[in-house]
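One structure is given here, and the rest of the page talks about it.
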Number of protein chains: 2
Amino acid sequence: MARSDTRYREAYNRILAFCETLRVGDDMPSETRLGETAGVSRTVIRRCLSRLAELGVISWDGRDKRLLRVPTPGDRIAVPDAGSDTSDLEQRFLDWVLRFDVPANTALSVAELSRTFDVPQHELKEFLAGLSRFGLVTRRPEGGWRLLGFTKSFAIELSDFRSVLELNAVSHAAEAPVDHPVWSQLADLRADHLRLRAHIDTDFHEFSKLDERFHQAINSVVRNRFTAEFQKVISLIFHYHYMWDKTEEKTRNAAAIDEHLAIIEALEARDAEAARAAAQEHLRTSKTTLLSSLRHHDLG
Amino acid sequence: MARSDTRYREAYNRILAFCETLRVGDDMPSETRLGETAGVSRTVIRRCLSRLAELGVISWDGRDKRLLRVPTPGDRIAVPDAGSDTSDLEQRFLDWVLRFDVPANTALSVAELSRTFDVPQHELKEFLAGLSRFGLVTRRPEGGWRLLGFTKSFAIELSDFRSVLELNAVSHAAEAPVDHPVWSQLADLRADHLRLRAHIDTDFHEFSKLDERFHQAINSVVRNRFTAEFQKVISLIFHYHYMWDKTEEKTRNAAAIDEHLAIIEALEARDAEAARAAAQEHLRTSKTTLLSSLRHHDLG
DNA sequence: ATGCTGCACTTAATAATTTAATACACTGTT
DNA sequence: AACAGTGTATTAAATTATTAAGTGCAGCAT
């Protein structure tokens, strides 16, 4: 019924490993210094030292701390395994929403999500609070959360917003200095697009990865913390919806390749206007595709 | 040590008020129906009915519930006063940051913020989690949160992002249909700008409000949930920084009035290109002002 | 003087606890 | 039988309590 002592356990093992580098009789560094090396506060260090003294690994009296014996594997302390990564919660959550086609206005139970994603409840609450800033979820008056996403209006607004960001990125790219990494990336992408176009009949499903790489390259020109967060969400959503809308996938992808190439060529010619126009065209197609993929799933 | 029963208390008083509309001996509606009218679940309704029965206001046996006597003021139950509004936490928080000029990289203590803003800790955590999506705060590895904002790079990226959104809004405004409310708003704004320009020597400090109205009008043309959230934050930050940078406030405001008028005129002439150009000019000035106001405060 | 420790106090993470919502079976009535 | 309502059990959400961890300061030893 309180916070876990994982921090202490990890620090303890780290200190123990440090002891192995000492020789019996050696003096240990100060608490402050140990804290710095282990990356924890003195409070935790003192707990570690207490245990070390109890096990007879060290003697400890005030500032006099000496190694009494070489630590054995039995001295180590068990660390509860970290639990599934909490960092990619966003990816997994959106994946879940899109894969199971969770309909708009579904009530989200923190308790249930906590179990399915194996993440503590309070982290989920924070995560959902973050998503609510993107308008993906909202609080229910009777408590808990509600999924908002993937109605028609959502898709339209998302597409529009994406267009604004991406057209801006294209404009910036056109004016990027010659030594900017984007140019070599675009050269590579151009070659890969041409290669895929030659084998489009069989390899058309490989376009998805190429698409992601292309848009990432373009957007990487704009270094902006406010857009960065959005891009992740946006690309995930578009990515998944494309993967499922299997209607005319081959033709769609072939067309998209040409659209990408048009943008790349305009950029390489440093023709900002042409690049913007080509991008606008491509984004328009994207929006249509996203909307029609929604229509196939539900009528939200 | 558990959640509050405010929901029950409020529901109880509501049900009591409903009882007053009945006559002694009347039958009460079903639990489900009462729940619907009071906006709570049956669980709460049953608690309410229990108390009503205890106080002898009603008789209750299964589905037989009758009003025994007219409720008196003494039957009401005390409701803990709501506590300071939690809805404007964002406004108050940003206000606090900007007013006290909280420096970048300051550690934010949830406990302390909870006291200063009189808001439960868990709500603050959710709030901060939301702000972290905007890149305003971030988690510290050792726990808690850290304020990121108001370095030079932050101001630059914020300005750039604002420009992207606002230029897009201007483009949309130029193509808004004649019956769109923005046109009458712009006409009003135009008049108010001219009026203020005539008395700029004495009333220059009134520009701040006008500025906010102007940008709000422009941005209201774009109906997009993703931009809406950002606009609130952006306008607050710009708003406050302008208020404090008192250097040459009069000249700055006079110049800004002319810039606004140029945008308005171009829009009224439906000249999208000219409007964009004028807006770009204005946003450039804004950015410079924001940056120089930072320089006066600190060197973050 | 300076760095280290002892100690007290504050804060953060997390589980426990109570309130509230919900699902389902049962019952009486038409 | 169908339906609306209630009794009851299960589950979830909000909020507090509790423990772990961080932080600051006074005093002490070198």
Side-chain angles (χ1 to χ4, degrees), chain A residues 1-12 27-36 38-50 60-65 80 83 86 107-115 119-126 128 139-146, chain B residues 1-12 27-36 38-50 60-65 80 83 86 107-115 119-126 128 139-146:
Chain A
M1 71 165 127
R3 74 187 283 180
S4 66
D5 57 357
T6 315
R7 215 167 158 73
Y8 151 65
R9 286 164 183 275
E10 285 175 352
Y12 174 82
D27 210 14
M28 305 256 307
S30 75
E31 295 173 5
T32 317
R33 196 160 306 265
L34 285 171
E36 278 164 17
V40 296
S41 74
R42 272 182 58 217
T43 310
V44 176
I45 292 296
R46 301 186 109 237
R47 253 186 98 178
C48 295
L49 292 175
S50 284
W60 184 26
D61 178 37
R63 64 187 60 184
D64 185 60
K65 318 182 268 290
T86 181
L108 299 174
S109 142
V110 170
E112 197 183 325
L113 294 175
S114 164
R115 264 167 293 162
V119 159
Q121 294 201 4
H122 63 270
E123 280 188 32
L124 255 159
K125 276 175 69 172
E126 285 185 17
L128 291 173
R139 273 200 161 292
R140 297 194 312 161
E142 60 268 41
W145 301 84
R146 191 155 46 89
Chain B
M1 70 168 130
R3 73 186 285 180
S4 66
D5 58 356
T6 314
R7 216 169 156 70
Y8 150 66
R9 286 165 184 275
E10 286 176 351
Y12 174 82
D27 210 13
M28 304 254 310
S30 74
E31 294 172 6
T32 317
R33 196 161 306 266
L34 285 170
E36 278 163 17
V40 295
S41 72
R42 271 183 58 216
T43 310
V44 176
I45 291 297
R46 301 188 108 237
R47 254 186 98 177
C48 296
L49 292 175
S50 284
W60 185 26
D61 177 37
R63 63 186 64 184
D64 186 60
K65 320 183 265 292
T86 182
L108 299 173
S109 141
V110 171
E112 198 184 324
L113 294 176
S114 163
R115 265 168 290 158
V119 159
Q121 294 202 3
H122 62 270
E123 278 187 34
L124 255 159
K125 277 176 68 174
E126 284 185 17
L128 291 173
R139 273 203 162 286
R140 297 194 312 161
E142 60 269 38
W145 301 83
R146 191 156 46 87

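Just so we're on the same page: letters track the sequence lines, and every chain starts at 1.
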Take atom [atom1] of [X] and atom [atom2] of [N], then tell me their distance rounded to the nearest Å.
X	N	atom1	atom2	result
B:Glu36	D:dT6	CD	P	12 Å
B:Arg33	D:dA4	CZ	C1'	9 Å
A:Asp64	C:dG6	CG	P	11 Å
A:Arg63	D:dG27	CZ	P	15 Å
A:Ile45	D:dG22	CD1	P	9 Å
B:Lys125	D:dT16	NZ	C1'	13 Å
A:Arg46	C:dC4	CZ	P	14 Å
B:Trp60	D:dG5	CH2	P	15 Å

[atom1]/[X] to [atom2]/[Y] distance, rounded to the nearest 0.5 angstrom?
X	Y	atom1	atom2	answer
A:Arg46	A:Trp60	CZ	CH2	4.5 Å
A:Met28	A:Leu34	CE	CG	5.0 Å
B:Ile45	B:Tyr8	CD1	OH	11.0 Å

What about [X], does its side chain sit under 3.5 Å from the base of [N] through a donor-acceptor pair?
X	N	result
B:Arg7	C:dA20	no
B:Ser30	D:dA4	no
A:Thr43	D:dG22	yes
A:Arg42	C:dG6	yes

Have a look at [X] and say if it touches a base, only the backbone sugar-phosphate, or nothing, with a 4.0 Å heavy-atom cut-off.
X	answer
B:Lys65	sugar-phosphate
B:Leu113	nothing
A:Leu108	sugar-phosphate
B:Arg9	nothing
A:Arg47	sugar-phosphate

Where the side chain of [X] is concerned, which of [options] is the nearest nucleotide?
X	options	answer
A:Arg140	C:dT11, C:dT22, D:dT23	C:dT22
B:Ser41	D:dA12, D:dA21, C:dT22	C:dT22
B:Glu31	C:dA20, C:dT14, D:dT6	D:dT6
A:Asp5	D:dA20, D:dA14, C:dT5	D:dA20
A:Ser109	C:dT22, C:dT14, D:dA13	D:dA13

Most 5' of A:Glu126 and A:Thr32 on DNA chain C, judged by nearest nucleotide: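 Final value for this comparison: A:Thr32.
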Most 5' of B:Arg115 and A:Pro120 on DNA chain C, judged by nearest nucleotide: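 Looking at DNA chain C, the more 5' nearest nucleotide goes with B:Arg115.
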Considering just the side-chain nitrogens and oxygens of A:Arg3, establish if one lies under 4.0 Å of OP1 or OP2 belonging to C:dA16.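 Looking at the OP1 and OP2 atoms of C:dA16, neither is under 4.0 Å from any side-chain N or O of A:Arg3.
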Indicate whether OP1 or OP2 belonging to C:dT14 is found under 4.0 Å from a side-chain N or O atom of A:His122.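 Yes, within the criterion.
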Which residue, A:Gln121 or A:Gly39, contacts DNA chain D at a nucleotide closer to its 5' end, judged by nearest heavy atom?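 Looking at the nearest nucleotide for each, A:Gln121 comes out on the 5' side.
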Please say whether more than 12 non-hydrogen atoms of neighbouring residues, nucleotides or ligands are located less than 6.0 Å from CG in A:Asp61.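 No, the 6.0 Å shell around CG holds no more than 12 heavy atoms from other groups.
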Report yes or no: is the cationic atom of B:Arg140 (NZ for Lys, CZ for Arg) under 6.0 Å from the centre of the six-membered ring of B:Trp145, at an angle within 45° of the ring normal?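 No - B:Arg140 does not lie over the ring of B:Trp145 by the 6.0 Å and 45° rule.
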Before giving the answer on side-chain contact (heavy atoms from CB on, under 4.5 Å), spell out for B:Glu112 and B:Arg115 the whole-Å C-alpha distance, their side-chain angles and the decisive distance to 0.1 Å. CA-CA 5 Å; B:Glu112 198 184 324; B:Arg115 265 168 290 158; 4.2 Å; yes
One pair to check against side-chain contact (heavy atoms from CB on, under 4.5 Å): B:Glu36 and B:Thr32. What are the steps and the verdict? CA-CA 6 Å; B:Glu36 278 163 17; B:Thr32 317; 4.1 Å; yes
